[in-house]
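Inspection log for the structure reproduced underneath, given as structure tokens.
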Protein chains: 2
Amino acid sequence: MKEALQVFTEYIAKNGLKVTPQRLRIVEVFLREAGHLTTEELYERVKVVDGSVGQATVYRTMKLLCDSGIAKEVHFGDGVARYEQKYGSEHHDHLICEACGRNLEVIDEEIERLQEELAERHGFTLTSHRMYLYGVCEDCRTSKK
Amino acid sequence: MKEALQVFTEYIAKNGLKVTPQRLRIVEVFLREAGHLTTEELYERVKVVDGSVGQATVYRTMKLLCDSGIAKEVHFGDGVARYEQKYGSEHHDHLICEACGRNLEVIDEEIERLQEELAERHGFTLTSHRMYLYGVCEDCRTSKK
DNA sequence: CTGCATGCAAATGTTTTGCAGTAAC
DNA sequence: GTTACTGCAAAACATTTGCATGCAG
């Protein structure tokens, strides 16, 4: 399988953009870290490696990563954008615990299929979707008792 | 069925809060207008009725409406909060056209059921969920050809 | 060399908050 | 009379942008 980094550099080349050390550092950090990082969190981690990188570049680069198809912007509802890896990791939805903030990536093929059908019934061609399930996880439920 | 306005005033009373003319005007506008209004749009419409109402009050009141259970905050991904009526209108998901911005409220009982199951499989008790389906509607698809 | 990319700071846009005055209960 | 509520302006955020400089191609 093609590597995410390669997808990114090819996208750069194809669009007459440039591969810079800043961009490489940001992509590296992004690909290394699992989960759903905010721009702020990415910025903090990149600064450890290279303190000279600016916030604006992180913002600009994350947009670029989304355009290139290796990142995806997600919103959990707290007003901050988060990014997750898209390339090489199959699509998934989110199951979020409202008590501890824990976030599970879940997938249900049956639901996926029904979403397509539902859209089709309304004359839509689906391009993507986001599904967030909010609830309370087992641990929080038992410890609250 | 109990009216949404009544649900709101009861919530106010139960929590030692106060019914003010500003709040009443904002609730009235919110309940009258269908769709998914931003705070800014609500503010504009309220100002027509009473120019003295401030933006901050609209923000504060919308939070209150959510707490009381008659409003729900939704995010379509453009960084602005929108509010839709919750009380008296059954739950629904969103089917959004990426070309014209049109927004259909949709519901599929089978998906709802599977979401519960999915959450349960992971030990979660579901409290709510948000599902956004993005695609292109029939009109946009044909006019683009 | 050319033009895209960078860091900085200023600007933007949305939402929140402090405060002194006002009004509901 | 309390206590919560209001409008205003300032503040707090996250994010974007203008600009002079730097550097990849």
Side-chain angles (χ1 to χ4, degrees), chain A residues 5 8-30 36-68 71-83, chain B residues 5 8-30 36-68 71-83:
Chain A
L5 186 58
F8 177 60
T9 50
E10 279 174 11
Y11 175 85
I12 294 270
K14 187 159 56 189
N15 291 79
L17 306 176
K18 292 169 182 174
V19 175
T20 66
Q22 290 90 337
R23 285 180 177 171
L24 282 177
R25 270 170 210 136
I26 294 166
V27 181
E28 277 163 19
V29 169
F30 170 67
H36 308 86
L37 297 178
T38 63
T39 318
E40 182 67 28
E41 289 164 344
L42 282 161
Y43 174 55
E44 293 302 330
R45 283 164 174 69
V46 171
K47 263 205 305 198
V48 176
V49 184
D50 181 350
S52 73
V53 175
Q55 286 224 45
T57 303
V58 179
Y59 274 99
R60 287 187 275 232
T61 302
M62 291 318 294
K63 289 257 179 296
L64 206 55
L65 294 198
C66 289
D67 293 343
S68 78
K72 183 179 178 184
E73 190 176 326
V74 292
H75 291 266
F76 290 170
D78 57 358
V80 201
R82 282 160 215 279
Y83 294 93
Chain B
L5 185 60
F8 177 60
T9 51
E10 278 174 12
Y11 174 85
I12 293 271
K14 186 160 57 189
N15 290 78
L17 306 177
K18 291 167 183 176
V19 174
T20 67
Q22 289 90 336
R23 285 179 176 172
L24 283 177
R25 268 168 211 137
I26 294 166
V27 182
E28 277 164 19
V29 168
F30 170 68
H36 308 84
L37 297 179
T38 63
T39 316
E40 182 67 29
E41 289 165 342
L42 282 161
Y43 174 55
E44 292 302 330
R45 284 163 173 70
V46 171
K47 264 206 304 196
V48 176
V49 183
D50 181 351
S52 74
V53 175
Q55 287 223 45
T57 303
V58 178
Y59 275 98
R60 288 189 273 232
T61 302
M62 290 320 292
K63 289 256 178 296
L64 205 57
L65 293 198
C66 288
D67 293 342
S68 77
K72 184 179 180 185
E73 189 176 327
V74 292
H75 292 266
F76 290 170
D78 57 357
V80 200
R82 282 159 215 278
Y83 295 92

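Computed from a predicted model, the values in this text were never measured in an experiment. Sequence lines set the chain letters: A, B, ... in the order given, protein chains first and strands last, and positions in each chain run from 1.
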What's the [atom1]-[atom2] distance between [X] and [N], to the nearest Å?
{"X": "B/Met62", "N": "C/dT16", "atom1": "CE", "atom2": "P", "result": "12 Å"}
{"X": "A/Lys47", "N": "C/dC8", "atom1": "NZ", "atom2": "C1'", "result": "13 Å"}
{"X": "B/Glu41", "N": "C/dG13", "atom1": "CD", "atom2": "C1'", "result": "15 Å"}

Could you work out, with salt bridge (charged side-chain N to carboxylate O under 4.0 Å, His left out) as the rule, every residue matching [X], not counting sequence neighbours?
{"X": "B/Arg25", "value": "B/Asp50"}
{"X": "A/Arg60", "value": "none"}
{"X": "A/Arg45", "value": "A/Glu33"}

**Message:** For a quick test of reading the model, state the closest non-hydrogen atom pair linking B/Met62 to B/Ala71 and the distance between them.
**Reply:**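 The answer is CE-CB, 4.4 Å.
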Closest heavy-atom pair and its distance - A/Val58, A/Ile26: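 Smallest heavy-atom distance, with atoms named: CA-CD1, 3.8 Å.
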Per-nt protein contacts along nucleotides 9-21 of chain D (heavy atom under 4.0 Å; B base, S backbone sugar-phosphate only, - none) come out as -----SBBBB---
*Is there a side-chain contact between A/Leu37 and A/Phe30 (heavy atoms, below 4.5 Å)?*
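Side-chain contact under 4.5 Å: no.
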What pairs with A/Asn15 under side-chain contact (heavy atoms from CB on, under 4.5 Å), at least two apart in sequence or on another chain?
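Result, side-chain contact (heavy atoms from CB on, under 4.5 Å) vs A/Asn15: A/Tyr11, A/Leu17.
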- Query: Excluding sequence neighbours, so at least two apart, what forms side-chain contact (heavy atoms from CB on, under 4.5 Å) with A/Glu40?
  - Reply: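 Checked A/Glu40 against side-chain contact (heavy atoms from CB on, under 4.5 Å); matches are A/Thr38, A/Tyr43, A/Glu44, A/Gln55.
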- Query: Got a sec? Which of residues 14-26 of chain A come in under 4.0 Å of DNA chain C, heavy atoms?
  - Reply: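 Heavy-atom cutoff 4.0 Å gives A/Gly16, A/Leu17, A/Lys18, A/Thr20, A/Gln22, A/Arg23.
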Checklist entry - In degrees rounded to 10°, what angle is found between the helical axes fit to the five outermost pairs at each end of the helix from C/dC1-D/dG25 to C/dC25-D/dG1? => result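 For the helix from C/dC1-D/dG25 to C/dC25-D/dG1, the axes at either end differ by 40°.
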For this session: Please identify each residue that fulfils side chain to side chain donor-acceptor pair (under 3.5 Å) with A/Gln22, with sequence neighbours left out.
Result: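 A/Gln22 satisfies side chain to side chain donor-acceptor pair (under 3.5 Å) with no other residue.
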Distance-only criterion, 3.5 Å: show the donor-acceptor pairs between side-chain atoms of residues 75-82 of chain A and protein atoms not counting sequence neighbours.
unit_1, atom_1, unit_2, atom_2, d
A/His75, NE2, A/Glu73, OE2, 2.9
A/Asp78, OD1, A/Val80, N, 3.3
A/Asp78, OD2, A/Arg82, NH2, 2.4

